[in-house]
Amino acid sequence: MPEGPSIVILKEEAAAFAGRTVLRVRGNSREPIQRMAGCRVLALRSWGKHFLVEFEGFSLRIHLLLFGSYRIDERRATEPRVGLDFGDGGELNFYACSVKFVEGPLDAAYDWSADVMNDAWDPAQARRKLRMQPLALAADALLDQNVFAGVGNIIKNEVLHRIRVHPESRIGGLPPRKLGELVEQAREYSFDFLRWKRAYVLRQHFQVHTRTVCPRDGQRLGYRKHLGLARRRAFFCEQCQRLYPFG
DNA sequence: TAACATGTTACGGT
DNA sequence: AACCGTAACATGTT
C-alpha cells in the first residue's frame with residue numbers, strides 16, 4: 001500500500017497520539033521495543049516511506065514494505081510486529097513491517113529536502129543528484145529514495161507517462177527542460193495521489209499503471225514485468241512516451 | 001480464487 | 001570482492 005502519500009495519511013491519522021505517553025508495548029519484533037514503554041511521543045513524522053514516532057533521544061521507524069498494515073485503536077487477529085498502547089483505548093498497531101530505531105535527533109538522521117512530500121523538498125537538489133547519474137534509466141532514477149524519497153512504482157509509471165518519457169530513457173539523455181519536468185511532476189503527482197487516495201478515487205485516476213490502453217492516443221500500452229535495475233513493473237505508451245538515449 | 005504486487009533487506013551463489 | 005538473483009515478509013487487490 002505504502003508510497004509516500006499513503007504514509008502522510010498514516011501520519012495524519014496518528015497525529016492525535018502526539019504528546020501522549022506509551023503505557024504498554026506489545027509485539028513480536030526482535031528489536032528492543034520495550035524501551036518505548038513510559039516514553040512520551042514528541043511528534044509523528046515521516047520521511048518518504050518511513051513513518052516515524054519521535055521520542056526524547058530516539059525514534060521508532062516503521063517501514064510497511066509491500067505487505068505491511070496498521071490499525072489505529074483496533075487490532076488485527078494476529079500479533080502486531082509492534083503495538084503502542086496509550087490507554088483509554090488509544091492504540092497504534094503495526095503488522096508485517098520493518099521496525100527499526102533511529103538514535104538521536106531526527107533532524108540529524110534525515111535530509112528532509114529529499115522527501116517529495118515535505119515542505120523542505122528541494123527540486124534543485126534533486127536535479128543535482130540526477131546529473132551525477134546520467135546512465136541511470138528514468139524508471140530507476142524515480143525509484144531512487146535518495147533522490148525522490150516517497151516515490152514508488154505507481155508514481156513512477158504515472159509521472160513518466162505525464163511527461164511523455166519512456167521508462168528506459170537515460171537520465172543523461174533528457175533535455176534540461178524534461179529533467180525539470182521529471183523532478184516537478186515527481187512531487188506534483190505525489191500530491192495528486194494524496195488527494196485522490198484520501199477521496200478513495202486513486203485507482204480510477206491511473207492513466208497507465210495496470211492499464212492496457214493509453215488514454216492519450218488509444219495505443220495498446222507496453223508492459224515489462226521487470227524493467228531496470230529495480231526490476232519493477234513498467235506500463236508505458238510506446239507512441240507518446242519518447243525514448244531518450246544517452247550517448 | 002489464486003496469483004501477484006504500491007518495497008526493502010539479507011542472503012547465497014558466482 | 002562486487003555483483004546478481006531470489007527469498008522473505010504474510011496483506012490487499014484483482
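Residue numbers start from 1 in every chain, and the chains themselves are labelled A, B, ... in the order their sequence lines are given, proteins ahead of strands. Please read these numbers as outputs of a predicted model, since none were measured by experiment.
- Between A/H205 and A/W196, the two ring planes are parallel [angle under 30°; tilted spans 30° to 60°].
- In this structure A/H209 satisfies the ring-ring contact (aromatic ring centres under 6.0 Å, His included) test together with A/F206, A/F235, sequence neighbours excluded.
- Atom SG of A/C39 and atom CG of A/L42 lie 9.0 Å apart (nearest 0.5 Å).
- A/R232 has no side-chain polar atom (N or O) that falls below the 4.0 Å cut-off from OP1 or OP2 of B/dA5.
- For the pair A/L64 CG and B/dT9 C1', the computed distance is 15 Å after rounding to whole Å.
- Taking atom C1' in both C/dT6 and B/dC4, one finds a spacing of 16 Å when rounded to whole Å.
- Straight-line distance from the CZ atom of A/F193 to the C1' atom of B/dT6: 6 Å, rounded to whole Å.
- With sequence neighbours excluded, no residue forms a salt bridge (charged side-chain N to carboxylate O under 4.0 Å, His left out) with A/R24.
- Nucleotide C/dA7 holds its P atom 17 Å from the CG atom of A/L65, rounded to whole Å.
- As a whole-Å value, the separation of A/R30 CZ from B/dT9 P is 16 Å.
- Remark: A/Y223, A/K225 in residues 222-229 of chain A come within less than 4.0 Å of DNA chain B through at least one heavy atom.
- Protein atom CD of A/E3 is 15 Å distant from nucleotide atom C1' of C/dT13, rounded to whole Å.
- Taking atom CZ of residue A/R233 and atom P of nucleotide B/dC4, one finds them 11 Å apart after rounding to whole Å.
- Residues from residues 139-167 of chain A lying near DNA chain B, meaning a heavy-atom separation below 4.0 Å, are A/Q145, A/G152, A/N153, A/I154 in numerical order.
- Evaluation of the ring-ring contact (aromatic ring centres under 6.0 Å, His included) rule for A/F246 yields no partner, not counting sequence neighbours.
- Partners of A/R203 according to the side chain to side chain donor-acceptor pair (under 3.5 Å) rule, which considers only residues two or more places apart in sequence or in another chain, do not exist here.
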Residues 13-21 of chain A, side-chain donor-acceptor partners within the protein, below 3.5 Å, at least two apart:
residue : atom : partner : partner atom : Å
A/E13   : OE1  : A/Y70   : OH           : 2.7
A/R20   : NH2  : A/F86   : O            : 3.4
A/R20   : NH2  : A/G87   : O            : 3.2

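- As judged by a 4.0 angstrom heavy-atom cut-off over every strand, A/R203 is placed among the base-contacting residues.
- Within the structure, side-chain hydrogen bond (donor to acceptor under 3.5 Å, both in side chains) pairs that include any residue of residues 114-125 of chain A comprise A/Q125-A/R128 (at least two apart or interchain).
- Counting only heavy atoms from C-beta on, A/A96 has its side chain closest to C/dT11 among B/dA5, C/dT6, C/dT11.
- Partners of A/K178 by salt bridge (charged side-chain N to carboxylate O under 4.0 Å, His left out), not counting sequence neighbours, listed by chain and number: A/E181.
- Paired runs in DNA chain B that reach 3 or more consecutive Watson-Crick or G-U pairs, where each pair keeps both distances under 3.5 Å, cover B:2-5 with C:11-14, B:7-14 with C:2-9.
- By the salt bridge (charged side-chain N to carboxylate O under 4.0 Å, His left out) test, A/R211 pairs with no residue at all, sequence neighbours left out.
- Atoms CD (A/E79) and P (C/dC9) sit 15 Å apart, rounded to a whole Å.
- Rounded to an integer number of Å, the gap from CG of A/L202 to C1' of C/dG12 is 14 Å.
- Taking every side-chain heavy atom of A/K49 into account, B/dT8 is the closest of C/dT11, B/dT8, C/dT6.
- Counting only residues at least two apart or in different chains, side-chain hydrogen bond (donor to acceptor under 3.5 Å, both in side chains) contacts with residues 223-247 of chain A comprise A/E168-A/R224.
- Residue order along DNA chain C, read from the 5' end via each residue's closest nucleotide, puts A/R231 first among A/R231 and A/N28.
- In this structure, the nucleotide among B/dG7, B/dA5, B/dT6 sitting nearest to the side chain of A/H63 is B/dG7.
- No engagement by A/R211 is indicated, since no non-hydrogen atom pair under 4.0 Å with the nucleic acid exists.
- Within 4.0 Å (heavy atoms only), A/S69 reaches sugar-phosphate atoms of the nucleic acid but no base atom.
- Classified by interplanar angle (parallel below 30°, tilted 30° to 60°, perpendicular above 60°), the ring pair A/Y110/A/W112 is tilted.
- Comparing the P positions of B/dT9 and C/dG12 gives a spacing of 22 Å, expressed to the nearest Å.
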Q | Steps toward side-chain hydrogen bond (donor to acceptor under 3.5 Å, both in side chains) verdict (A/Q219, A/D217) | A | CA-CA 5 Å; A/Q219 182 85 4; A/D217 54 24; over 6 Å; no
